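I have placed the structure first, in the form of structure tokens, so that the comments after it can refer back to it.
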Amino acid sequence: MLHIPIIRQNKKEIIELLKIRNFDASKLIDTLLEQDDSRKETQKELDELLAKSNQLSRKIGELYKRGEVEKANQQKTTSAEIKVQTKSLQDQYAALEKEITANLVQIPNVPHPSVPKGNTDADNKTIKEVGDVPTLIDGAKPHWELTTDYNLIDFGLGNKITGAGFPVYKDKGARLQRALINYFLDKNLAAGYTEYLPPHLVNEASGFGTGQLPDKEGQMYHITEDNLYLIPTAEVPVTNFFRDVIVKDFPIKCTAYTPCFRREAGSYGKDVRGLNRLHQFDKVEIVQIQHPEKSYDTLNEMVKHVSSILDELELPYKVLQLCGGDLGFTSALTYDFEVYSAGQDKWLEVSSVSNFESYQANRLKLRYKDEDGKTKLCHSLNGSALALPRIFAALLENNQNESGIKIPKVLQKYTGFDTIE
RNA sequence: GGAGAGAUGGCAGAGUGGUCGAAUGCGGUGGUCUUGAAAACCAUUGUGCAGCAAUGUACCGGGGGUUCGAAUCCCUCUCUCUCCGCCA
């Protein structure tokens, strides 16, 4: 969520920028600032009253010590009166704070000025396109046929033991999957990221910290018995490492492989065909915590890094800057990576790299100390490097020929084979 | 799963219901000394909110209660540790 002092300082600019997302914040912000004003006033009154009460208590203590019991008892009556007043002021204060937070969480992050206006993904801006769309052999197939033909994935078996959206990888399919995970992690390590293997279940506080809770509750699998949630992305456990932390050295660079679990309620049709949309999938994530002045340099660095992976995999891809309407709620600027998957003639999103500026950090209480020793909010960023299933699909579809499926060179030392026959 | 113990500042660890935001040690920062370093000595060192500031206020795992007054007493939740059982 946004930080109130920053809203106060840059009110006009923020309202203008939020229009890029087609979000009219003017009324909400006015209400918010009014509520914050009365919160301050209430606190002032309350503090004064509490000060009075504290003084009185100290006085009563002294009177008792001196044995002046009667005088002390008189003062007690006054103290009791003050207590009634403080109680009602405290309630008032708590109510105001609650309203303020409730309003605050309704305001999405302020888009970076460079974010293009727009409503849907059709308005996203193509930053660059790399690689040529491959010409396929006659009778080229989509991956959901190739995975069966070459015995790489058994969707039916997944249905049997769990349900739709839970594929079972097998033989060279399983090995290719493992190769991709290792390759991605090694690439990230070489770029200076530290590897983590976090829990796949998180508590409620973590869900709130990165913004999945309370609003997007239905998108996560919830284990009610223990009140834990299956992670929808490694972003949740990893970013929450830094909840309530005061950072000493920038940047912090983390990478983690985890399975990701998503309920995807309401998805259906051909978008969910094969590997295109799953309830469980593998992903290698990168997360950075950075000084506010450097976060956009870092964002560019992350985009370059993801690009270099796709270059090595020899997949045609494009980088898009998301328009206001397509931008995630908590992001200030997002670049999406889409890979061309020839067998189904489709561009598939395989990575989303975002700068959240201080939006997540404010929820997480993730801070650093500036030169004057004042605590300030850090910037947080993350991206996929990369999401596996769609890469898997594109590799099969683009590299198919009469004799089998070719494995890109860079992966061969990880797979231990160069073709799937 | 059964029995017990505990949760205090970056860490370790005191704390009789009143001057406790909290002893002490370690660590951190600044300084003295030194050619430099170490050692020693001196000083300083939590966070939020309000305020230009002085300062005020809140916070001793979370929530509630008793009391004029709670780190300290009571209730409750969560978590951690030890022992026993089970187990990869």
Side-chain angles (χ1 to χ4, degrees), chain A residues 1-9 32-105 197-209 213-214 222-229 237 240-250 252 289 358 360-378:
Chain A
M1 52 194 181
L2 297 176
H3 196 46
I4 292 182
I6 295 173
I7 299 181
R8 205 176 273 284
Q9 230 173 359
L32 202 58
L33 293 183
E34 271 170 40
Q35 285 170 329
D36 192 49
D37 284 337
S38 44
R39 181 189 63 87
K40 287 184 193 177
E41 257 172 66
T42 311
Q43 185 183 344
K44 201 177 150 205
E45 264 179 73
L46 182 60
D47 278 2
E48 280 167 9
L49 210 55
L50 286 169
K52 223 195 262 181
S53 160
N54 286 342
Q55 271 172 27
L56 205 56
S57 291
R58 251 170 268 154
K59 204 163 152 195
I60 292 170
E62 279 167 35
L63 288 174
Y64 271 122
K65 252 185 202 161
R66 276 188 262 139
E68 300 181 45
V69 178
E70 243 176 71
K71 265 192 184 169
N73 285 337
Q74 276 172 23
Q75 301 287 358
K76 274 196 202 178
T77 341
T78 327
S79 187
E81 281 167 26
I82 293 177
K83 208 191 166 182
V84 177
Q85 290 176 52
T86 55
K87 180 78 181 128
S88 92
L89 272 176
Q90 266 161 349
D91 291 347
Q92 209 178 312
Y93 187 86
L96 273 167
E97 262 197 327
K98 209 175 157 189
E99 281 174 42
I100 289 170
T101 314
N103 283 329
L104 214 46
V105 296
L197 186 61
H200 302 159
L201 292 170
V202 292
N203 58 26
E204 218 176 331
S206 298
F208 182 81
L213 295 175
H222 185 197
I223 298 174
T224 49
E225 180 104 31
D226 300 289
N227 197 25
L228 295 171
Y229 295 85
N240 272 281
F241 291 165
F242 307 100
R243 174 149 45 88
D244 294 316
V245 165
I246 293 181
V247 172
K248 293 236 169 70
D249 293 303
F250 291 112
I252 298 174
I289 311 299
S358 60
Q360 284 185 330
N362 190 31
R363 272 200 178 195
L364 292 161
K365 299 279 166 280
L366 166 52
R367 295 161 298 172
Y368 69 98
K369 280 193 201 286
D370 68 6
E371 312 81 53
D372 303 328
K374 283 193 178 167
T375 50
K376 297 254 179 76
L377 294 169
C378 301

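Chain identifiers are assigned alphabetically (A, B, ...) following the order of the sequence lines, protein sequences preceding nucleic acid strands; residue numbering begins at 1 within each chain. Keep in mind that this is a model prediction, so the values were computed, not measured.
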_Using a heavy-atom cut-off of 4.0 Å across all strands, would you classify Ser57(A) as base, sugar-phosphate, or nothing?_
base

_Counting only heavy atoms from other residues, nucleotides and ligands, does the tally under 6.0 Å from CD of Glu97(A) exceed 12?_
yes

*asked:* Say we look at G46(B) and G21(B): how far apart would their P atoms be, to the nearest angstrom?
replied: 15 Å

_Base, sugar-phosphate or nothing for Ala80(A)? Non-hydrogen atoms, less than 4.0 Å._
nothing

*On a whole-Å scale, what distance lies between the P atoms belonging to G4(B) and G9(B)?*
27 Å

*asked:* Taking the nucleotide of RNA chain B with the nearest heavy atom to each, does Leu56(A) or Tyr93(A) sit closer to the 5' end?
replied: Tyr93(A)

*Between U47(B) and C41(B), how far is it from one C1' atom to the other, in whole Å?*
31 Å

*Between Tyr229(A) and His222(A), how do the two ring planes meet: parallel, tilted or perpendicular, split at 30° and 60°?*
parallel

*Using purine N1 to pyrimidine N3 plus N6-O4 or O6-N4 for Watson-Crick, or N1-O2 and O6-N3 for G-U wobble, both under 3.5 Å, which nucleotide pairs with C86(B)?*
none

*Using the C1' atom in both, what is the distance from A43(B) to G61(B), to the nearest Å?*
34 Å

*If pairing requires Watson-Crick or G-U wobble contacts with both distances under 3.5 Å, which nucleotide is the partner of G69(B)?*
none

*Base partner of U32(B), which must satisfy Watson-Crick or wobble distances under 3.5 Å*: A40(B)

*Is there a Watson-Crick or G-U wobble partner for C52(B) with both distances under 3.5 Å, and which nucleotide is it?*
none

*asked:* Quick check on RNA chain B: between Ser53(A) and Lys87(A), whose nearest nucleotide comes earlier from the 5' end?
replied: Lys87(A)

*U82(B) to G28(B) separation - P atoms, rounded to the nearest Å*: 30 Å

*asked:* So, taking the atom named CG in Asp91(A) and the one named OG1 in Thr42(A), what distance separates them when rounded to the nearest 0.5 Å?
replied: 11.5 Å

*Looking for any heavy atom pair under 4.0 Å, which part of the strands does Ile60(A) touch: base, sugar-phosphate only, or nothing?*
base

*State whether the side chain of Asp244(A) and the backbone N or O of Lys365(A) hold a donor-acceptor pair below 3.5 Å, judged by distance alone.*
no

_Between G10(B) and G17(B) - C1' atom distance, rounded Å_ = 30 Å

*asked:* Taking any heavy-atom pair under 4.0 Å as a contact, classify Asn54(A): base, sugar-phosphate, or nothing.
replied: sugar-phosphate

*Do Asn203(A) and Ser206(A) have a side chain donor and acceptor closer than 3.5 Å?*
yes

*asked:* Return the pairing partner of A5(B) with a 3.5 Å limit on both distances, Watson-Crick or G-U wobble; otherwise return none.
replied: U80(B)

_Touch class at under 4.0 angstrom, heavy-atom based, for Thr78(A) against every strand present_ = nothing

_Euclidean distance for P, C74(B) against A5(B) (whole angstrom)_ = 13 Å

*Which nucleotide, in any strand shown, forms a Watson-Crick or G-U wobble pair with G27(B), with both distances under 3.5 Å?*
U45(B)

*Please state the P separation for the pair G25(B) and A40(B) - nearest whole angstrom.*
13 Å

*Determine the contact category for Lys44(A): base if any of its heavy atoms lies under 4.0 Å from a base atom, sugar-phosphate if only primed atoms, P, OP1 or OP2 are that close, otherwise nothing.*
nothing

*asked:* Partner lookup for A14(B), please. Criteria are Watson-Crick or G-U wobble with both distances under 3.5 angstrom; report none if nothing qualifies.
replied: none

*Reading RNA chain B 5' to 3', which nucleotide is the first, and which the last, to come under 4.0 Å of any heavy atom in chain A?*
G18(B) to G69(B)

*asked:* Main chain of Leu49(A), side chain of Ser53(A): is a donor-acceptor contact present, judged purely on distance under 3.5 Å?
replied: no

*asked:* Need the pair for G21(B). Rule: Watson-Crick or G-U wobble, both distances under 3.5 Å, any strand; none if unpaired.
replied: none

*Check the pair Glu48(A) / Lys44(A) against side-chain contact (heavy atoms from CB on, under 4.5 Å), numbers first and verdict last.*
CA-CA 6 Å; Glu48(A) 280 167 9; Lys44(A) 201 177 150 205; 3.8 Å; yes

*asked:* For a quick check of understanding: with a heavy-atom distance under 4.0 Å over all strands, which category does Gln75(A) fall into, base, sugar-phosphate or nothing?
replied: nothing

*Are any of the side-chain nitrogens in Asp36(A) or Arg39(A) under 4.0 Å away from the carboxylate oxygens of its partner?*
yes

*Nearest 0.5 Å please: distance from the CD atom of Gln75(A) over to the CD atom of Gln55(A).*
11.5 Å

